[in-house]
Amino acid sequence: MSFDKKRGLPFILTFLVIIADQVTKALIVKTIPLFSIGYEFFGDFLRIVHVANTGVAFSIGDSMPLALRRICFGIMPLVVLCLVIVIYFRNKEFSQIQRWALCGVIGGGFGNLIDRFFRAEGVVDFIDIKIYGFFGMERWPVFNVADSAVVVCGIILIVSFAVSTVRERERSKDSKGLK
């Protein structure tokens, strides 16, 4: 079995995201006490803090019983990530940008799952940004490198699917017009 660069190479991003995520979290845990502010930049616009999140985005589900949280936020996402990887390798239609974006999402997913399975206190979040009342909030919910990878790569993935859909429709119209 030979190495397929088209499908295998984007997993470099998966591993880079996991490494960057875990290294930054380890530094935060080592240098900033839990639930405190370590550094502030540009006034209080950007703060590096140390919080633990036992829920998911925006701390949703943090009050759920532990067993239910492990199933909903640990086991189910692990199954979903494994299914995404299977689809990734079976699908021959993904563009390279879509493959790279998927691998960034996979890396972010695994970065947070590592915390869910191996950090009793929960997922380490540390990037705290002031958003000046936008969305009715003074500060955006605290996040980490894995969260950033999921959001940025997820947006790239959605945009690439939208662009490819538009291009496919244009090609379809052009081919019908030629007949």
Student: Should F41 and V49 be regarded as members of a common hydrophobic cluster, given that ILVMFWY residues are connected when their side-chain heavy atoms come within less than 4.5 Å of each other, either directly or indirectly?
Tutor: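 No, F41 does not connect to V49 through the hydrophobic network.
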Student: Before accepting this row, confirm whether a basic side-chain N of the pair E168/R171 lies closer than 4.0 Å to the acidic partner's carboxylate O.
Tutor: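 Yes, charged N to carboxylate O under 4.0 Å.
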Student: Do N144 and N112 have side-chain N/O donor and acceptor atoms under 3.5 Å apart?
Tutor: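 N144 vs N112: donor-acceptor pair found between side chains.
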Student: Answer with yes or no whether the hydrophobic clustering places F110 together with V84; edges join I, L, V, M, F, W, Y residues whose side-chain heavy atoms lie under 4.5 Å apart.
Tutor: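 Yes, same cluster.
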Student: Is any side-chain heavy atom of W140 closer than 4.5 Å to a side-chain heavy atom of F134?
Tutor: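 Heavy-atom side-chain distance check fails, nothing below 4.5 Å.
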Student: Between I28 and F126, which heavy-atom pair has the shortest distance, and what is it?
Tutor: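 That would be CG1-CG, 3.6 Å.
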Student: Does the pair R7 and K92 meet the rule for a side chain to side chain contact (heavy atoms under 4.5 Å, CB included), with working shown?
Tutor: CA-CA 9 Å; R7 293 186 185 162; K92 294 177 178 20; 3.0 Å; yes
Student: Nearest 0.5 Å please: distance from the CD atom of Q98 over to the OG atom of S164.
Tutor: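 Going from the CD atom of Q98 to the OG atom of S164 covers 5.0 Å.
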Student: If you take all heavy atoms of N53 and R116, which pair is closest and at what distance?
Tutor: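 In terms of heavy atoms, the two residues are closest at O-NH1, 4.2 Å.
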Student: Nearest 0.5 angstrom please: T14 OG1 to L102 CG, how far?
Tutor: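 CG of L102 is found 9.0 Å from OG1 of T14.
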Student: Using the rule that Ile, Leu, Val, Met, Phe, Trp and Tyr join whenever any side-chain heavy atoms are under 4.5 Å apart, tell me whether F143 and F45 fall into a single cluster.
Tutor: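 Shared cluster, yes.
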Student: Checking D115 side chain against V124 main chain: does a donor-acceptor pair fall under 3.5 Å?
Tutor: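 Yes, because the side chain of D115 sits within donor-acceptor range (under 3.5 Å) of the backbone of V124.
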Student: Between F89 and D4, is any pair of side-chain heavy atoms under 4.5 Å apart?
Tutor: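 No, their side chains stay 4.5 Å or more apart.
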Student: Same cluster or not: are V159 and V151 linked, directly or through other Ile, Leu, Val, Met, Phe, Trp or Tyr residues, by side-chain heavy atoms under 4.5 angstrom apart?
Tutor: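 Yes; V151 is reachable from V159 via cluster members.
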Student: Following the transitive rule for hydrophobic clusters with a side-chain heavy-atom cut-off under 4.5 Å over Ile, Leu, Val, Met, Phe, Trp and Tyr, establish whether V29 and F35 coincide in one cluster.
Tutor: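 No, no single cluster joins them.
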Student: At their closest point, which heavy atom of A149 faces which heavy atom of V17, and how far apart are they?
Tutor: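 For A149 versus V17, the nearest heavy atoms are CB-CG1, 3.6 Å.
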Student: Any cation-pi pair here, R99 with Y88, using under 6.0 Å and within 45°?
Tutor: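 Checked: cation-pi criterion met.
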Student: Any donor-acceptor pair under 3.5 Å linking the side chain of E138 with the backbone of K130?
Tutor: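 Not at all, since once roles are kept as given, no pair shorter than 3.5 Å links the two residues.
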Student: Out of curiosity, F42 CZ to I129 CD1, how far, rounded to the nearest 0.5 Å?
Tutor: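 The CD1 atom of I129 is 11.0 Å from CZ of F42, to the nearest 0.5 Å.
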Student: Determine the minimum heavy-atom distance between P10 and C103, stating which atoms define it.
Tutor: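 Distance-wise, the nearest heavy atoms are O-CB, 3.2 Å.
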Student: Supply the atom-to-atom distance D125 CG to H50 NE2, rounded to the nearest 0.5 angstrom.
Tutor: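 Going from CG on D125 over to NE2 on H50, the span is 9.0 Å.
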Student: If you compare all heavy atoms of I32 against all heavy atoms of I37, which two are closest, and at what distance to 0.1 Å?
Tutor: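 For I32 and I37, the tightest heavy-atom pair comes out as CG2-C, 4.3 Å.
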Student: As an exercise, state the distance from CZ of R47 to CZ of R139, rounded to the nearest 0.5 Å.
Tutor: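 Going from the CZ atom of R47 to the CZ atom of R139 covers 3.5 Å.
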Student: Working to the nearest 0.5 angstrom, can you tell me the gap between S95 OG and F161 CZ?
Tutor: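 Rounded to the nearest 0.5 Å, the OG-CZ separation comes to 7.5 Å.
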Student: Can you name the closest pair of heavy atoms from I156 and A101 and give their distance?
Tutor: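 Looking at all heavy atoms of both residues, the closest pair is CG2-CB, 4.0 Å.
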